[in-house]
Amino acid sequence: MRKKLIYADHAATTPLSDAAWAAMMPFLREEFGNPSSLHSFAKKPRDAVSAARATIAACIGAEPEEIFFTSGGTESDNWVIKGTDDVLMVSAYEHHAVLNAAASEESCGRKVVYVRPKVGGYLMPETLTKRWKDGVGLVSVMMANNEIGTINPIKTLAEAAHKRGALFHTDAVQAVGHIPIDVRDLGVDFLSASAHKFNGPKGIGFLFIRKGLKLKQLIHGGQQEAGLRAGTENVASIVGMAAALKENCDSIEENAAHLGVLKDQLLDGISSLSKEVHFPGSKFDYQLPGFVCASFPGRSAEGIVHVLDLKGIAISAGAACDSKNTHISHVLKAIRLPREIAEGTIRITLGIENSEEDVKAIIGALKIALSKG
Ligand code: PLP
């Protein structure tokens, strides 16, 4: 009998939901028309793209014309960073989609100010204020961190940026579909999202651009997306993204409650395995549902991930080794986690399909991994 595989790496990607798959199917074959064509083959795809835009907008409290389809979180982040000109302020523990886009701008002469999160893993408005520099025109701080799961106080961060005349972008790739989001209440100007993090397909995402704001174009070509982002629409994926997001948003509290129970069991189980374990990012209650970051001092995270993989359990590591060194992620460095602790940091991210049995199996496998010296 094939052993049951357990997927607990939902911050990396999530399985496609049945709702997304069903919504996509017609547009992968029979409804293949180009939404921009003038003939009747265009009608259903064009209507489906409009309906998807309206659905997504409603899920985050936006207007449909504020939603722009992109190829995913990376493109959305790049568009905002490269689509503006002023001094840029970014947090030091952003995803590389933001950090490397900022570095590319820096190499062309643009000034970038990096701000570090607090040791607990949060970026606070007072840090922005303290490090403020003349000319900052855009602040970019992620809504939830992809390695430690901390959720930042986006509303007050956006207020702090606005008070000094800057625009505010949040990379919400890990948060959309998992915690309630209302762009008007948060007061953000730009918000990036990616479908494959909320049970939609890969290679599709969106950028929210507040009405009235302009970004320089990143992808040039035809007149799609109100003339701002060229390229024939990825109709099936857009439709799948909307179906996945709607389903997740409709059951966001139920999902969070289920994941909360599993997370508590996992935290208890892990705590019983080691007296020395640390849980970066878990100090306060602002962490993504189902997200557990655990550090075992003196252990190799990669070694633990390999033992679990051999048992059919997928998790991920915050540090990776090559033949000479252990490389610690920029996130763990930014929160000043001591090397000895950071080297043994793993990330277990549960999803709605995980069960209590899965959690028991993960704890059992971790026990074996930790017993291996
Ligand atoms: N931003 C964050 C916080 C992420 O976690 C990721 C993916 O892991 C991205 C951006 C990139 O998104 P995509 O994979 O859609 O390009």
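Counting starts at 1 for both ligands and their atoms, following the listed order.
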I'd like to know if [X] and [Y] make a salt bridge, using a cut-off of under 4.0 Å between side-chain N and carboxylate O.
X      : Y      : answer
Lys111 : Asp86  : no
Arg184 : Glu66  : yes
Glu159 : Lys155 : no

Item checked: Counterpart residues, salt bridge (Lys or Arg N to Asp or Glu O under 4.0 Å), relative to Arg336 (two or more places apart) -> none
Check: Listing by chain and number, which residues have a heavy atom under 4.0 Å from ligand 1?
Finding: Gly72, Gly73, Thr74, Asp77, His95, Met142, Asn146, Asp171, Val173, Gln174, Ser194, His196, Lys197
Notebook entry, point to check: Would you say Glu253 has more than 12 foreign heavy atoms packed within less than 6.0 Å of its CD?
Noted result: no
Note to self: Main chain of His10, side chain of Thr349: is a donor-acceptor contact present, judged purely on distance under 3.5 Å?
What the structure shows: yes
